[in-house]
Amino acid sequence: MAPLKHLEMENPIIDACFRDFCSSHGILTVEDFLIHDLYELAAFAERQVDADRLKEGITVMLSLVEVKCRPWLNGMELLEDLQRNKQTLSSGDNGTDSLLQGGLREGQVTELVGPSSSGKTQFCMQAAASVAEKQEGSVFYIDTGNSFSARRIAQFICGSSAAAVLRKRVLSRISCHTVYDIYTMFDTLQGLEVALRSQEQMNVNECRLRLLVVDSISSLITPILGGSGSQGRALMVALGYLLKKLAHEHNIAVLVLLKFRGIGCVILLQSSFFLISPSVLKVTNYTVGAGENGKTKPALGETWKSIPHVRLMLSRDNRNNSCTISILKHTSMLSGQTVTRKDNQQCL
Amino acid sequence: MREHEAARDWIRSDETAKQMLSRVLGDRAFLLLPPLHRVPLRAGNVVEITGSSPTAKTQILIQAAIACILPKTWNGVHYGGLEKLVLFLDLDCRFDVMRLSDMLKHRLLEANRIGNGAWWQLEESSGVKNCRGAQDKSKSKSKIVYDEELYVSCMKRFLYLRCYDSLELLSSLKTLHYRIRLQEACGSQVGVLMIDSIGAFHWTDRLSSSLALDKNNRKSLSLTNVVETIVQEMKKLMRVHSLVVIATKATIYEEKYPTNENNRKLSSNNDKAQQPPFREFMPSSWQAFVTHKIFIRKSGDHHQSSGQQSLSAYSLEWLQPQLSSIDRFIVDDVSKLDPFK
């Protein structure tokens, strides 16, 4: 909320006289300027002595606002951006790739939901290994539940014949950060955003961030959700939008994990795994609760459902030792499609 | 004599009622945008589509957008569109342009297939277009190619902007008028303004209202003020440009009445005042601004006869103006099917 006087240096028309006029109408910052009716303000300015100068000041303010706005893109430009910048990352598993028509998409937030020990973390680590090895991108892994295991990821890196050097190089591209509460999460993500922006300005393209994983977003959000207050949900929405912004502006895939919430087990909250691949943001958010007629209730509430682009559900069948991935929601595919795969796949 | 003439000019009418009616109907014509075709829309109408997630609301927007950006006829094929610009304000930030592109291509192919009985083959070679019309009555599956130039011109009529918070939304709305004027200088008119998920920043704005500190003489950035300003800016836009506003709204509270349509019909005979089937959370300034309301809910799975997986079916209900019929539709892979009962 920068006060208006900071603009005076570059725009001498916003002098003390203009600022006095504005503050007499309750406008002290640029944000205040946005919620006022400008025509009304101009009409008030008419009555003043230096009407023309004041109106010119209003026009300058409006043009400053316009400079900050994003440009309107038409359909062809959107397509171009999609084809040029946003690639599809393989998730490490052929079945999932065929289900998702290529895999995790950069610029999208993918959510993976499932009950506990259904293989969500394994899925995330497999995706991380695949991105680090095959796409040669770096992975930012945010771990909220101490489930990250470098050894397991090393197992996913293909081939027992993989040289130690290769393994070391691939593993060095994956950075793991432990975060236990939502404020540290905001801190980490905002730091990441700043780092990415400066990286882009310097045009460093090799080994750029492609996947962002958030293992268990629900363990960050559920402690703050509660009651009818708006703080928890506002923070959740703000986090969701920050992830979407990271995904789209920096061409990252974000993967988020969510755990189920069992009936009666209020403690076991669904954790969303956010696998944030700088290219693909995957978010899993799934909750099962004691809803009406035994329906499942969303773990993070109805509001969270509009955050991720793609929602996948992972379920495990212990008898056949297989797990099934089904699409709950996708921006460009039908929901309900499933694929089943056998367990214990070490590598492709 | 001069004064007489001036007085006579002043009394003489500008136009007759018939002329005025034809002018108004031409400027602000009725639009029929499927699948919202039950109620004809005029410029100045504000349609609000409510539904929980996911209920194919963005899908409806995309289909309406395609109906708007297509031309009426092109190269002899009738498309039945409005050939106007669509402004898409994405507050949900989840729009997938591939969906728009696929649906547009499908629509072009379909129109080519059934239009005029002539199968056109269009080739593009370095900007020069050769059109060979083959009057083929037989069902030989020759290649139906859609018109690339038409596709590009349609995609260019779709304008898109995303906003990550309400301040960005406000600044976009304030500068929208000048941008529309720039576009109209190129010859195209704006037909529809679409807003995906008007309630997207509801919680963050509510938080700012509770954090508002300075109360004296300053308008705080609260939820009511922000929505009021949004409504104000949109009203100003609608006064100057003739456009229809279509906004989707995702419900943020769970459905209190776990009913299907049958239950509601039974209970509505007893109730005098019809309760909306969802909890309204938008401030009253927005509710007063909306002229048409639609509610979409999931209505069970539709099992396809060909044995493929069942698709989810949705039902669309007009709440304002209240229509007694309910449209049901399913979303198929490439395009939206027509309402079925």
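Here the structure is a predicted model, which is why all the values come from computation and not from measurement. Throughout, protein chains are lettered first and strands after them, A, B, ... in sequence-line order, and every chain is numbered starting at 1.
- Rounded to the nearest 0.5 Å, atoms OH (B:Tyr151) and CE (A:Met76) are 5.5 Å apart.
- To the nearest 0.5 Å, atoms NE2 (B:His202) and OG1 (A:Thr303) are separated by 8.5 Å.
- Most heavy-atom pairs under 4.5 Å with chain A: of the set B:Met98, B:Glu233, B:Lys156, this distinction falls to B:Lys156.
- In terms of heavy-atom proximity, A:Lys245 sits nearest to B:Tyr164 at CA-CE2, 3.7 Å.
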For this session: Decide side chain to side chain contact (heavy atoms under 4.5 Å, CB included) for A:Tyr241 and B:Thr204; before the verdict, give the C-alpha distance in whole Å, the side-chain angles of both, and the deciding distance to 0.1 Å.
Result: CA-CA 11 Å; A:Tyr241 272 86; B:Thr204 34; over 6 Å; no

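- When each of B:Tyr178, B:Phe158, B:Phe201 is checked for heavy-atom pairs under 4.5 Å with chain A, B:Phe158 comes out on top.
- For chain A, no part of B:Leu85 is nearby; none of its heavy atoms comes within less than 4.5 Å.
- For B:Leu159, the parts sitting under 4.5 Å from any heavy atom of chain A are the backbone and the side chain alike.
- In this structure, chain A has no heavy atom under 4.5 Å from any part of B:Arg157.
- If you take OG on B:Ser172 and CG on A:Leu34, they are separated by 9.5 Å, rounding to the nearest 0.5 Å.
- Closest of all the heavy-atom pairs between B:Val97 and A:Gly75 is CG2-O, 4.1 Å.
- A donor atom on one side chain and an acceptor atom on the other are not found under 3.5 Å apart for A:Tyr39 and B:Gln232.
- Atom OH in B:Tyr160 sits 8.5 Å away from atom CG in A:Leu73 (nearest 0.5 Å).
- Not counting sequence neighbours, A:Gln190 has no partner by the side-chain hydrogen bond (donor to acceptor under 3.5 Å, both in side chains) test.
- Heavy-atom minimum distance, A:Ala234 versus B:Trp203: CB-O, 3.5 Å.
- Proximity of a side-chain donor or acceptor of A:Lys244 to a complementary backbone N or O of B:Asp92 within less than 3.5 Å is detected.
- Both the backbone and the side chain of B:Arg94 come within contact range of chain A, each with at least one heavy atom under 4.5 Å from a heavy atom of that chain.
- For B:Leu91, the part sitting under 4.5 Å from any heavy atom of chain A is the backbone (N, CA, C, O) and nothing else.
- Between B:Glu168 and A:Arg70, at least one side-chain N (NZ, or NE/NH1/NH2) sits under 4.0 Å from a carboxylate O, which counts as a salt bridge.
- For B:Phe88, the part lying near chain A is the backbone, with the side chain staying farther off; criterion is any non-hydrogen pair under 4.5 Å.
- At a threshold of 4.0 Å, the pair A:Arg105-B:Asp96 counts as salt-bridged, since one of the basic side-chain nitrogens sits closer than that to a carboxylate oxygen.
- Nearest heavy-atom pair across A:Pro71 and B:Arg179 is CA-NH1, 3.7 Å.
- Proximity to chain B involves both the backbone and the side chain of A:Leu79, based on heavy atoms less than 4.5 angstrom apart.
- Here the CG atom belonging to A:Asn74 is positioned 8.0 Å from the CE atom belonging to B:Met155, to the nearest 0.5 angstrom.
- Heavy atoms closer than 4.5 Å to chain B are found nowhere in A:Leu235, neither backbone nor side chain.
- For B:Lys236, the NZ atom is densely surrounded, since the number of other residues' heavy atoms within 6.0 Å is greater than 12.
- Listed by first then second residue, pairs satisfying salt bridge (charged side-chain N to carboxylate O under 4.0 Å, His left out) with a partner in residues 54-67 of chain B number zero, not counting sequence neighbours.
- Both the backbone and the side chain of B:Ser171 have a heavy atom closer than 4.5 Å to some heavy atom of chain A.
- Contact annotation: the side chain of B:Phe95 never approaches that of A:His309 to less than 4.5 Å [non-hydrogen atoms, C-beta and beyond].
- The structure places CH2 of A:Trp72 at 9.0 Å from OG1 of B:Thr175, a figure rounded to the nearest 0.5 Å.
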